[in-house]
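Following: one structure in structure tokens, then a few remarks.
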Amino acid sequence: MIHFENVYKRYPNGREALSGVSFALARGEMAFLTGPSGAGKSTLLKLIALIERPTRGSVLVNSRNTARISRRRIPGFRRRIGVVFQDHKLLYDRSVFENVALPLVIAGFGQRETGRRVRAALDQVGLLGREQHAPVTLSTGEQQRVGIARAVASRPDVVIADEPTGNLDPELSLEIMRLLGRFNEVGVTLLIASHDLKLVDALGQRRIRLVAGQITSDSPAPDPPTRIA
Ligand code: ADP
């Protein structure tokens with residue numbers, strides 16, 4: 001599902017964020033990407049979503065070599081990938097419904113299908129009753145759940161999350177991780193970057209550790225994997 005083969009990423013300023021990264025995540029698998037700030041976690045996720053391109057090496061997502069995806073085809077490719085950000089990037093002048101609907105509208109879904117998908121996604125994150133609310137009236141944890149609903153509304157095969165609990169207290173962090181884990185249980189391939197080792201360890205899943213652009217360890221989930229939902 002996701003396959004990195006000897007991937008390097010050097011930014012135009014000369015900074016090498018990834019140096020020879022290889023790993024694979026099978027369809028329906030979940031893993032945490034850990035490592036200190038600056039290790040290259042965000043960069044690795046950006047290569048999956050085609051926000052950045054590798055300098056060298058290959059990145060396969062959904063069995064497609066991302067190097068062969070032209071700029072024109074990126075929007076279609078991204079529809080299969082849900083992205084959750086730390087600061088959830090909600091639009092504060094739009095309702096909860098409009099925030100979750102926006103990517104679907106851009107993708108060209110009709111009004112009825114958009115409405116169906118938005119309500120299904122909000123239901124999955126427990127916010128069905130809040131469709132018409134403004135994001136500012138929601139708690140931080142609820143706002144992050146709206147961000148998750150937006151990421152899954154297009155029913156992606158892959159969800160990547162970049163420090164999704166960065167601003168949340170431990171209890172809410174666990175709740176958000178459990179919520180993400182539930183999507184994995186229904187078959188979504190899930191990769192979550194987090195520097196919160198305590199939280200990640202408690203969840204008992206596969207951990208890929210990145211330090212200075214290189215994978216320094218890759219520990220499988222305990223057998224049988226702990227269910228986090
Ligand atoms: P992490 O998510 O683990 O904190 P990042 O992928 O954000 O790590 O960053 C890895 C390295 O790449 C850091 O040294 C960072 O300064 C650098 N970097 C990230 N994005 C850019 C960019 N757009 N241009 C130049 N350097 C960058």
Side-chain angles (χ1 to χ4, degrees), residues 30 32-33 37 41-52 74-184 186 188-196 199 228-229:
M30 98 171 257
F32 286 103
L33 185 62
S37 178
K41 303 182 297 296
S42 296
T43 300
L44 189 153
L45 296 182
K46 283 176 182 165
L47 295 180
I48 294 172
L50 267 184
I51 296 166
E52 294 285 350
I74 289 178
F77 168 82
R78 286 221 187 103
R79 225 162 288 151
R80 310 305 321 143
I81 299 174
V83 183
V84 179
F85 302 98
Q86 171 174 348
D87 59 0
H88 49 66
K89 298 195 193 310
L90 297 180
L91 302 173
Y92 285 98
D93 58 344
R94 309 281 179 99
S95 67
V96 165
F97 182 97
E98 288 168 330
N99 267 279
V100 178
L102 194 61
L104 300 173
V105 172
I106 292 169
F109 285 98
Q111 212 175 343
R112 181 178 294 199
E113 183 60 16
T114 297
R116 254 174 15 99
R117 288 184 178 225
V118 171
R119 280 187 290 276
L122 285 173
D123 191 23
Q124 284 171 309
V125 302
L127 289 176
L128 196 49
R130 307 289 188 87
E131 283 167 60
Q132 296 314 323
H133 288 221
V136 279
T137 65
L138 305 183
S139 69
T140 323
E142 286 169 340
Q143 290 184 25
Q144 186 55 295
R145 276 151 58 192
V146 176
I148 293 173
R150 184 185 50 193
V152 300
S154 66
R155 300 185 189 144
D157 307 305
V158 177
V159 169
I160 55 177
D162 196 356
E163 301 284 357
T165 64
N167 294 323
L168 306 177
D169 63 39
E171 208 172 302
L172 274 177
S173 297
L174 195 59
E175 183 190 309
I176 291 295
M177 291 300 193
R178 284 190 170 138
L179 185 56
L180 285 168
R182 249 177 260 152
F183 290 101
N184 171 251
V186 295
V188 173
T189 307
L190 182 60
L191 185 61
I192 305 173
S194 175
H195 67 265
D196 189 344
L199 177 64
I228 68 168

Discussion item. Could you measure the distance from the CD1 atom of Ile148 to the CG atom of Leu180? Nearest 0.5 Å is fine.
Written reply: 4.0 Å

Practice prompt. Using the test side-chain contact (heavy atoms from CB on, under 4.5 Å), find all partners of Gln143 that sit at least two apart in sequence or belong to another chain.
Written response: His88, Leu90, Tyr92, Leu138

Worksheet item: What are the two closest heavy atoms between Pro164 and Val84, and how far apart are they?
Response: CB-CG1, 4.1 Å

Worksheet item: Would you say Ser37 and His195 make side-chain contact, with heavy atoms under 4.5 Å?
Response: no

Discussion item. With heavy-atom distances below 4.5 Å as the criterion, would you say the side chains of Arg79 and Pro75 are in contact?
Written reply: yes

Worksheet item: Counting N and O atoms only, with roles assigned by atom type, does the side chain of Arg78 sit under 3.5 Å from a partner on the main chain of Leu50, one being a donor and the other an acceptor?
Response: yes

Response to the item:
When rounded to the nearest 0.5 Å, the distance separating CG of Leu174 from CG of Asp169 is 10.5 Å

Worksheet item: Once you round to the nearest 0.5 Å, how far does CD of Glu175 lie from CD of Gln144?
Response: 11.0 Å

Worksheet entry | Note, Thr43 side chain near Glu52 side chain (heavy atom, < 4.5 Å) | no

Practice prompt. Kindly compute the distance separating CE (Met30) from OG1 (Thr189), expressed to the nearest 0.5 Å.
Written response: 11.0 Å

Item to complete: Give the minimum heavy-atom separation between Asp196 and Ser194, together with the two atoms involved.
Response: N-OG, 3.1 Å

Discussion item. Among residues at least two apart in sequence or on other chains, which ones pass side-chain contact (heavy atoms from CB on, under 4.5 Å) with Val83?
Written reply: Ala49, Ile81, Phe85, Ile160

List, one per line, each side-chain donor-acceptor pair under 3.5 Å for residues 120-133, sequence neighbours excluded.
unit_1: Arg130; atom_1: NH1; unit_2: Glu142; atom_2: OE1; d: 3.3
unit_1: Arg130; atom_1: NH2; unit_2: Glu142; atom_2: OE2; d: 3.2

Discussion item. Applying side-chain contact (heavy atoms from CB on, under 4.5 Å), can you list everything that pairs with Leu91, at least two apart in sequence or on another chain?
Written reply: Asp93, Arg94, Asn99, Leu102

Worksheet, complete the sentence: Between Val188 and Asn184 the two heavy atoms that sit nearest each other are O-ND2, 3.0 Å

Worksheet item: Does Glu98 offer a backbone N or O that forms a donor-acceptor pair with the side chain of Ser95 under 3.5 Å?
Response: yes

Item to complete: Compare every heavy atom of Val118 with every heavy atom of Phe97, then report the nearest pair and how far apart it is.
Response: CD1-CG1, 3.5 Å

Practice prompt. List in chain and number order the residues that pass side chain to side chain donor-acceptor pair (under 3.5 Å) with Arg116, two or more places apart in sequence or in another chain; answer none if no residue qualifies.
Written response: Glu113

Fill in: Distance, nearest 0.5 Å, that separates CG of Leu172 from CZ of Arg145
8.5 Å

Discussion item. Within the 4.5 Å heavy-atom criterion, are Leu179 and Arg182 side-chain neighbours or not?
Written reply: yes

Worksheet entry | Residue pairs passing the salt bridge (Lys or Arg N to Asp or Glu O under 4.0 Å) test where at least one lies in residues 152-164, sequence neighbours excluded | Arg80-Asp157

Worksheet item: Quick one: OG1 on Thr165 to CG on Leu199, what's the gap to the nearest 0.5 Å?
Response: 5.5 Å

